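First up is the structure itself, then whatever we jot down about it.
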Amino acid sequence: MLSLDPLGPECDSPLGSKDLEEEEGPWGGGSGLPPPGCFHGSWHHDVALDCKGSPEGAEARAWTVYYYSLLQSCLQQAGLPETQDRSQVPRTGCPGAEVTLCILGSPSTFLSLLLEGGVQSPGNMLLCLSPAWLTKVPAPGQPGEAALLVSKAVSFHPGGLTFLDDFVPPRRATYFLAGLGLGPGRGREAAELARDLTCPTGASAELARLLEDRLLTRRLLARQGDVSVPATLAFTYKPPALLRGGDASPGLRLVELNGKEGQETLVKEEVGAFLHSEALGDALQVAMKLSGWRWRGRQAMRLYPRAELGPVVDTVLALLEKLEEEESVLVEAVCPPAQLPFPGSPLPGPELALRICAVVCRTQGDRPLLSKVVCSVGRGDRPLRHQSSLPRTLEAALAQCGLGEASQVAVVRQRVKAAAEAALAAVLTLEAGLSAEQRGGRQVRTDFLGVDFALTVAGRALTPVALELNGGLCLEACGALEGLWAAPRPGLAAEEAAAAPLVETMLRRSARCLMEGKQLLLLGAGGVSKKFVWEAARDYGLKLHLVDSDPNHFASQLVQTFIHFNITEHQRDEENARVLAELVRARGLQLDGCFSYWDDCLVLTSLLCQELGLPCNPPAAMHLAKQKSRTQLHLLCHHGPPWPAPSLYAVPCCPLESEADVDRAVRQVPLPGVMKLEFGAGAVGVRLVEDASQCHEHFSRIARDLQGEADHPGIGLGWGNAMLLMEFIEGTEHDVDLVLFGGRLLAAFVSDNGPTRLPGFTETAACMPTGLAPEQEAQLVQAAFRCCLGCGLLDGVFNVELKLTRAGPRLIEINPRMGGFYLRDWILELYGVDLLLAAAMVACGLRPALPAHPRARGHLVGVMCLVSQHLQVLSSTASRETLQALHDQGLLRLNLLEETLVPGEYEEPYCSVACAGPSPAEARLRLLGLCQGLGIDGPHYPVAYFLSHFK
């Protein structure tokens with residue numbers, strides 16, 4: 001088993017100059033003309049590859065032509081159409097207001113990423129085949145930094161469609177990822193382009209210089225408890241600061257040298273001790289290699305039997321002469337191939353070795369996530385290297401070696417996952433301690449990593465041993481495994497691409513780039529449940545200006561500008577909008593957008609946006625969605641086309657403003673029914689009524705108890721306490737949170753609600769993602785989407801409550817704002833999508849940078865705690881401090897919704913307590929056990945029953 005790719009046939013020749021000078025292609029630092037054409041295809045060659053204003057020399061032009069032909073060959077072998085040249089008609093676009101994901105590098109390396117980007121963000125994933133297609137320009141107000149402009153690129157679209165485009169004016173990159181190198185070729189130009197950009201950047205020469213240092217990364221990984229590395233002896237000449245001192249690492253011996261000559265005695269002693277060390281385990285061979293940026297991809301390696309001390313010492317001494325400062329000679333144990341099936345005797349024939357390649361991506365919250373595992377199988381006595389062995393799944397590779405037991409395969413996969421994610425975590429920790437200059441720029445981060453493993457036996461357990469880190473080769477191998485190089489075959493289900501989490505991260509970072517520094521006016525601060533807003537705004541670099549009725553609200557100290565204004569007098573919303581607009585102008589606020597997530601302020605916000613000329617939904621649409629009976633009655637009259645029309649989802653209802661209206665409503669609406677406040681929120685005052693007397697009784701109670709805002713702040717009583725009676729719909733209840741832009745659906749997230757405690761409708765439990773069948777989920781999404789369009793809601797983040805009946809979805813109500821309670825937090829946790837940021841982008845007239853098909857990374861199941869049911873436990877076993885401590889330990893997910901433990905007849909949930917799991921069943925069992933232990937579960941609040949819908 002070899003631990004590094006020998007890059008040429010000389011790997012078995014005597015170690016000499018040729019072994020150490022294998023040249024790379026231009027992205028890695030080589031120079032000269034590209035290799036002779038070896039592409040066979042019928043694509044057009046008369047395409048406009050020149051970039052106006054940036055002429056290329058003959059050599060550079062040859063490379064551009066070469067990479068264009070390589071792209072066409074890759075597309076051809078993937079069964080995808082040829083790139084269409086439409087550069088004669090330049091694209092105009094909106095520079096600085098659109099996502100632009102720019103890749104500069106080899107098409108074969110990045111094709112899987114490019115195609116996935118074309119699916120998730122159509123037309124925004126751009127491949128530049130030449131550095132001449134890009135320009136850096138100084139960024140105003142950001143000394144030392146530059147914006148990156150794209151004048152020409154190949155754009156990627158769904159279905160593998162590609163277009164050669166010119167951009168006039170140039171597009172401004174919101175994310176940049178390049179193939180890098182230090183040589184005289186394009187790698188150096190790419191490195192310079194990537195340095196000190198204002199946009200998020202996925203690689204830099206500075207970071208690559210660190211991560212390509214095998215000794216540095218070997219030491220970094222050796223200190224991780226979940227990562228095994230080969231036993232290594234390193235002779236390092238004047239090591240860099242990151243390698244000096246520090247604690248010893250298991251299995252790694254560093255010998256610091258201040259000179260390269262006269263080291264014979266030291267080398268012989270150290271090598272002798274190493275070869276006899278127990279750290280080498282059962283290894284029969286050692287490998288010799290050089291470490292340092294200068295040797296990146298340009299060396300073969302030599303193998304020696306472990307017993308041959310003399311040749312190993314001689315080779316170390318010969319290599320020492322070639323070292324420059326901060327470089328090293330490595331002697332490492334060659335991991336013996338695991339004999340499979342294990343335990344037991346090997347299969348007849350040559351011993352097989354396994355090389356495992358894992359791609360791991362940085363996701364929301366800087367958490368590593370394994371996205372794909374690819375393997376190669378070969379003879380144990382021959383080198384296994386990228387691009388010279390066929391990729392296959394872990395299951396197929398282990399089966400080829402004789403291990404087909406599903407449980408054992410699962411154990412190996414879990415160990416690979418733990419080690420790969422720990423490797424990226426180690427790299428992220430290293431980066432966090434580096435300055436912007438050391439990283440190559442303020443915006444430079446490592447967003448994905450390739451980790452190569454050998455599979456060996458340690459302590460009678462199959463163990464993946466990390467050999468090296470890389471990105472492009474592993475990504476390319478994953479693309480090959482995903483079938484990108486062959487036409488798709490019917491009947492094969494597509495699995496998630498290895499690059500999918502990486503594209504999601506690119507989009508997430510692009511959204512931050514577009515929104516950093518944006519000036520937003522926010523109406524209504526909300527309570528404790530919205531504390532996340534102020535932290536998120538600071539994290540995203542948003543400049544918030546707040547309007548609120550409470551002059552002492554804690555958020556008044558957390559914003560750029562605070563305007564104290566009574567926003568509860570909704571009968572005067574039009575007048576108040578004009579007054580607020582004048583206040584904004586008088587303060588000289590230069591706003592990019594205005595929005596609200598607070599029910600009371602939604603209509604006022606749309607009126608104010610209209611006054612200020614800012615993007616918004618029409619006030620009439622917000623009025624329509626705000627008043628529940630108007631929503632239903634309007635949709636009942638909306639018969640289409642197109643079909644299915646919104647009327648199919650609406651529910652018969654009748655508005656109630658007086659006792660006389662109750663008698664009329666009882667005759668029109670079938671009972672049992674549901675009575676609720678027209679402008680209410682949080683299910684306050686919602687009740688099941690079974691006959692006319694219960695209707696009158698509940699109407700009188702609400703008219704007496706909830707007369708105005710002071711009786712129950714924050715639930716819409718500033719609009720009055722009018723009610724409605726609607727038909728009670730049998731079925732399961734669900735929330736659909738939508739993101740719309742320009743009337744197009746960008747994203748939808750469906751969650752399931754547990755049964756409520758009738759006759760009340762206060763939420764009890766929830767599960768995300770939905771456990772419904774895909775068809776039922778799609779029905780709910782379409783129902784929510786069509787109901788929003790039917791009300792004229794075309795732009796924004798909306799929460800739609802529905803019931804799924806035997807006849808299909810039925811609308812409960814539309815909340816024309818971001819979902820409340822735990823929804824924003826859960827969606828961010830599971831999907832990496834922030835509804836708050838999406839709402840802010842729409843408010844600024846920007847299309848939210850969202851993946852087309854976000855996938856959940858787990859499951860959450862939660863239960864609500866109510867003061868009326870849990871006052872005692874919330875003051876003892878499940879106190880706020882206890883719940884917060886469990887949240888901090890990762891044992892539960894806490895969303896605090898109310899500040900104080902004050903019981904009342906008309907209550908909202910105090911908090912949401914949830915547990916995560918890889919499956920709904922596991923999350924549910926964890927939550928049930930937690931609730932029983934904390935005392936949340938009980939005879940009067942049967943958590944098991946509330947969770948029963950999620951089985």
Side-chain angles (χ1 to χ4, degrees), residues 1-6 11 214-215 217-222 224-234 249-253 271 274-289 291 300-308 312 330-343 346 350-358 373-386 388-389 394 397-398 400-403 408 411-413 415-416 418-420 422-423 450-470 473-474:
M1 169 63 65
L2 302 186
S3 58
L4 184 67
D5 290 335
C11 59
R214 294 186 183 94
L215 178 56
T217 55
R218 179 68 52 84
R219 186 182 189 186
L220 192 66
L221 298 184
Q224 292 291 310
D226 289 327
V227 186
S228 298
V229 298
T232 304
L233 171 65
S249 303
L252 179 60
R253 167 75 174 160
V271 171
F274 178 71
L275 294 180
H276 290 89
S277 168
E278 293 183 0
L280 272 69
D282 297 329
L284 300 177
Q285 292 178 304
V286 291
M288 312 284 294
K289 60 187 68 170
S291 174
M301 68 177 176
R302 289 292 288 157
L303 298 177
Y304 290 98
R306 178 178 174 180
E308 295 185 3
V312 175
L330 304 185
V331 184
E332 70 175 40
V334 175
C335 300
Q339 294 185 358
L340 301 175
F342 176 81
E351 188 176 49
L352 293 179
L354 203 64
R355 181 163 177 151
I356 300 173
C357 165
V373 175
V374 179
C375 298
S376 55
V377 177
R379 292 177 56 145
D381 57 350
R382 295 181 182 177
L384 270 177
R385 60 184 186 266
H386 284 287
S388 65
S389 55
L394 178 66
L398 290 174
Q400 183 72 30
C401 297
L403 186 70
Q408 292 178 311
V411 169
V412 173
R413 179 176 289 278
R415 289 173 182 164
V416 170
V451 189
D452 281 320
F453 296 96
L455 188 64
T456 188
V457 176
R460 297 192 56 79
L462 286 173
T463 303
V465 176
L467 302 177
E468 62 177 332
L469 305 181
N470 70 67
L473 289 173
C474 282

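FYI, the numbering just counts along the sequence from 1. The shown structure was predicted, so the numbers you read here are calculated from the model rather than taken from an experiment.
Interatomic distance, L354 CG to L394 CG, rounded to the nearest 0.5 Å: 7.0 Å. Atom CG of N470 and atom SG of C357 lie 6.0 Å apart (nearest 0.5 Å). Between R355 atom CZ and L455 atom CG the span is 13.0 Å, to the nearest 0.5 Å.
Residues satisfying the side-chain hydrogen bond (donor to acceptor under 3.5 Å, both in side chains) criterion with T232, sequence neighbours excluded, are R218. Partners of R415 by side-chain contact (heavy atoms from CB on, under 4.5 Å), not counting sequence neighbours, listed by chain and number: V411, A461, L462, P464. Every residue two or more places apart in sequence or in another chain that forms a salt bridge (Lys or Arg N to Asp or Glu O under 4.0 Å) with R413 is listed here: E395. Applying the side-chain contact (heavy atoms from CB on, under 4.5 Å) rule to L220 yields the partners A426, V427, L430; only residues at least two apart in sequence or on another chain are considered.
In terms of heavy-atom proximity, V312 sits nearest to Y304 at CG2-CB, 3.8 Å. Nearest heavy-atom pair, T456 versus P336, reported as atom, atom and distance to 0.1 Å: OG1-O, 2.7 Å. Considering every non-hydrogen atom in both F453 and A358, the closest pair reads CE1-CB, 4.0 Å. The minimum heavy-atom distance linking V227 with A423 is given by the pair CG2-N, 4.1 Å.
Counting heavy atoms from C-beta outward, L467 and P230 have side chains that approach closer than 4.5 Å.
The side chain to side chain contact (heavy atoms under 4.5 Å, CB included) with I356 is formed by just one residue from the set V416, D452, V451; it is V416.
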Practice prompt. Applying side-chain contact (heavy atoms from CB on, under 4.5 Å), run through V286 and L280 and close with a yes or a no.
Written response: CA-CA 9 Å; V286 291; L280 272 69; 4.0 Å; yes
Discussion item. Is there a side-chain contact (heavy atoms from CB on, under 4.5 Å) between E468 and T217? Walk through the geometry before answering.
Written reply: CA-CA 8 Å; E468 62 177 332; T217 55; over 6 Å; no
Practice prompt. Check step by step if side-chain contact (heavy atoms from CB on, under 4.5 Å) holds for V229 and L252.
Written response: CA-CA 9 Å; V229 298; L252 179 60; 5.9 Å; no
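Judged by distance alone, the side chain of S291 and the main-chain N or O of L215 form a donor-acceptor pair under 3.5 Å.
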